[in-house]
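Let me begin by presenting the structure, written as structure tokens, before commenting on it.
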Amino acid sequence: MTQALPKVIIHGGAGGALAHPDVLNALRHDLHAIVEQIYSKAEAGASARDCVVFGCQLLEDTPRFNAGYGSVLQSDGQVRMSAGLMDGSTQRFSGIINVSRVRHPIDLAAYLQPAPDRVLSDLGAAELAREMRIEPFDPVTDLRLKEWMQERAHNFQRSMAGVVAEPIDSAGSGDSEARRGTIGVVVLDQEGRLAVGTSTGGKGLERLGRVSDSATVAGNYANGVAAVSCTGIGEDIIDECLASRIVVRVTDGMAIAAALEKSFAEATANGRDFGAIALSHRGEIAWGKTSDVLLAAYHTGEAVGDTLELSSGTLTGVVQL
Ligand code: ASP
């Protein structure tokens, strides 16, 4: 068996520019620390799938991001979370849609990997949490609750919640308009296997029953050749079928850089607002965005880098190894 150098890329959402410079440093600190921990696990020989689940759990535990603890509230003031997991080596997708009161939605998606019914929603998700004997967990943070209360005071004029949980200023706004913070993890392990996971609290302030892209193959897809996790407006991601579209292009022979360039040029022409992170089985680390910022960090095996300070016009990039 040939051992490859593992590769890891993670994201903590995409959206409008951050209002507070201090938030950038805090985000960099969190993302770099988490990518290092995932890398250590991969370096110790863990499978891509286990590394992805572990990385998603760490990001779900970080209240700054809109997944697990710190998820945004929906229009009725409740948190409902969704997560998708795809193992590229088996080409199996599993997911959980609109689950409440759990700490790690990714654990439910992981549990469903070998199951005959692999994507469960609402009632089925609650039933599964009981079956797995998951302790009830309240994912609401004070900051997210305050954000929702302020939105309520303004009669829910904004269409989304924050890209990251930033302190809300006296004018009542945290960061600017497009405001999300879903998390995603993509890993290539030592044996050359790819896996991807994506977890979200949704767009925030959405109507009941809305289904996020994160637990669909538009937002999260992998096979033996490439793996992609998306973030941004779920409806835009679904309309482009973004993750699958990029993976299929690479599978059919396009270089990952070209696949991202083409997909993001199309997305720009269609006026979409989102970002994506990607890995190829060759170890190429890549990303793309139409939104102002993409909060991604990666580990090449030699160095850690991130996309936090790219200019808003930059569409795609590949890490030169
Ligand atoms: N894609 C997520 C959704 O629409 C939101 C996000 O990425 O922040 O549910």
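In listed order, ligands and their atoms are each counted from 1. Every heavy atom of this structure was used, including side-chain atoms; hydrogens, water molecules and symmetry mates were not.
- Near Asp213, meaning under 4.0 Å from any of its heavy atoms, are these atoms of ligand 1: 1 (N), 2 (C), 3 (C), 4 (O), 9 (O).
- Which parts of ligand 1 touch Thr231 is read off a 4.0 Å heavy-atom cut-off, strictly below it: atoms 6 (C), 7 (O), 8 (O).
- Polar contact check, Gly232 against ligand 1: a nitrogen or oxygen pair lies under 3.5 Å apart.
- Each of the following atoms of ligand 1 lies closer than 4.0 Å to a heavy atom of Gly202: 5 (C), 9 (O).
- Geometrically, ligand 1 and Thr182 share a nitrogen or oxygen pair separated by less than 3.5 Å.
- Side-chain contact between Leu279 and Lys7 is present, with heavy atoms from C-beta onward closer than 4.5 Å.
- The shortest distance between side-chain heavy atoms of Ser75 and Glu206 does not fall below 4.5 Å.
- Partners of Glu43 according to the side chain to side chain contact (heavy atoms under 4.5 Å, CB included) rule, which considers only residues two or more places apart in sequence or in another chain, are Tyr39.
- Classification of Glu36 and Lys41 as a salt-bridged pair fails, no side-chain N sitting under 4.0 Å from a carboxylate O.
- Nearest heavy atoms, Leu294 versus Thr307: O-OG1, 2.6 Å.
- With ligand atoms numbered from 1 in the order given, ligand 1 contributes 8 (O) to contacts under 4.0 Å with heavy atoms of Gly181.
- Contact annotation: for Arg210 versus ligand 1, heavy atoms closer than 4.0 Å belong to the side chain alone.
- Among residues two or more places apart in sequence or in another chain, the side chain to side chain donor-acceptor pair (under 3.5 Å) test is passed with Ser94 by Gln113.
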